[in-house]
2 protein chains.
Amino acid sequence: MTNQRKTIYDVIIGSPEHLSAEEIYLRAKKRYPSLAMGTVYRNLKLMEDAGEILHIRTPDGADRYDKTTSKHDHMECIQCGQFVDLPTHDLLGLIREQTGMEIQSYQINAKGICSECMNKN
Amino acid sequence: MTNQRKTIYDVIIGSPEHLSAEEIYLRAKKRYPSLAMGTVYRNLKLMEDAGEILHIRTPDGADRYDKTTSKHDHMECIQCGQFVDLPTHDLLGLIREQTGMEIQSYQINAKGICSECMNKN
DNA sequence: TTCACTGCAAAACGTTTGCAAACAG
DNA sequence: CTGTTTGCAAACGTTTTGCAGTGAA
């Protein structure tokens with residue numbers, strides 16, 4: 001609706017990476033200098049609630065935001081620091097099966113070496 | 001070594017729950033009133049590094065600490081708020097198999113209803 | 001006697017929020 | 001015109017840290 005929101009959204013859609021709120025803020029601020037951090041967070045929340053983006057919560061460091069909204073997991077590369085998609089397949093069902101517990105949702109934070117860094121090495 | 005450290009350790013060992021740093025602090029402070037929060041965090045880190053306790057990192061809210069050190073996963077009960085153990089089995093191998101990626105470690109934060117609450121319902 | 005550990009308080013970090021002003025519909 | 005959204009700055013919850021003093025070995 002507002003220019004701020006559109007700018008923030010465009011930054012996310014326009015980046016192949018999984019950006020943190022601050023990275024989004026800095027990039028959007030270049031295009032819209034008066035932009036405030038609070039506005040970024042408020043809009044990220046709105047977009048998340050609207051199902052337009054995915055919020056990747058991390059236990060250490062800043063959360064990330066993903067333009068791909070279909071449920072999938074992520075891995076943080078311990079070499080380059082990027083968050084990459086993890087092509088997992090029905091882990092929720094698997095965990096439910098293994099544990100027999102009433103699990104509603106789950107979130108994985110994996111760490112490893114991304115394919116790009118593997119190729120470099 | 002120090003009394004503070006022993007007190008903190010005893011609190012963790014003596015509780016069936018997965019306590020947060022603040023809960024540990026409050027309980028240990030009852031037995032050792034001059035205890036400071038910084039000391040709790042510093043000792044938790046030492047114990048974690050020594051492999052004496054497990055550090056459960058959470059993306060929302062305070063981290064928890066677990067006296068069971070063997071690798072396992074956890075679930076947060078959305079009803080009572082407790083963190084309970086999740087008897088998963090070789091998820092790391094499974095995720096590696098599914099994704100073919102160089103995964104070094106992972107951490108799951110699941111949410112659901114714990115057995116105790118299931119029985120109450 | 002030495003060096004690790006403590007208590008304290010301040011700072012760090014990422015995120016949220018109250019408010020009055022600005023703006024979109 | 002009305003109600004949502006903004007910018008600002010202050011506050012939040014959790015964790016870390018600098019420092020001078022304390023205490024365990």
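Remember, predicted model here, so these are calculated numbers, not experimental data.
When the side-chain nitrogen and oxygen atoms of A:Thr2 are compared with OP1 and OP2 of D:dT6, one or more of them lie within a distance under 4.0 Å. Contact annotation: B:Tyr41 side-chain N/O to D:dT16 OP1/OP2 distance is not under 4.0 Å. Contact annotation: A:Gln4 reaches the phosphate of D:dG7 (side-chain N/O to OP1 or OP2, under 4.0 Å).
In A:Glu116, the CD atom is not crowded: 12 or fewer heavy atoms of neighbouring residues, nucleotides or ligands sit closer than 6.0 Å.
At a cut-off of 3.5 angstrom, the base of D:dG23 holds no donor-acceptor pair with the side chain of B:Arg5.
Looking at the side chain of B:Leu46, the nearest of the listed nucleotides C:dG7, C:dC5, C:dT15 is C:dC5. Among the nucleotides C:dG18, C:dT15, C:dT6, the one closest to the side chain of B:Asn43 is C:dT6. Nearest nucleotide to the B:Asn3 side chain, out of C:dT6, D:dT14, D:dA24: D:dA24. When distances run from any side-chain atom of B:Arg42 to the nucleotides D:dC19, D:dA25, C:dG18, the shortest one goes to D:dC19. Set against C:dC5, C:dT15, D:dT15, the side chain of B:Ala62 has D:dT15 as its closest nucleotide.
To the nearest angstrom, C1' of D:dG13 lies 12 Å from CG of B:Asp60.
As judged by a 4.0 angstrom heavy-atom cut-off over every strand, A:Tyr25 is placed among residues making no nucleic acid contact.
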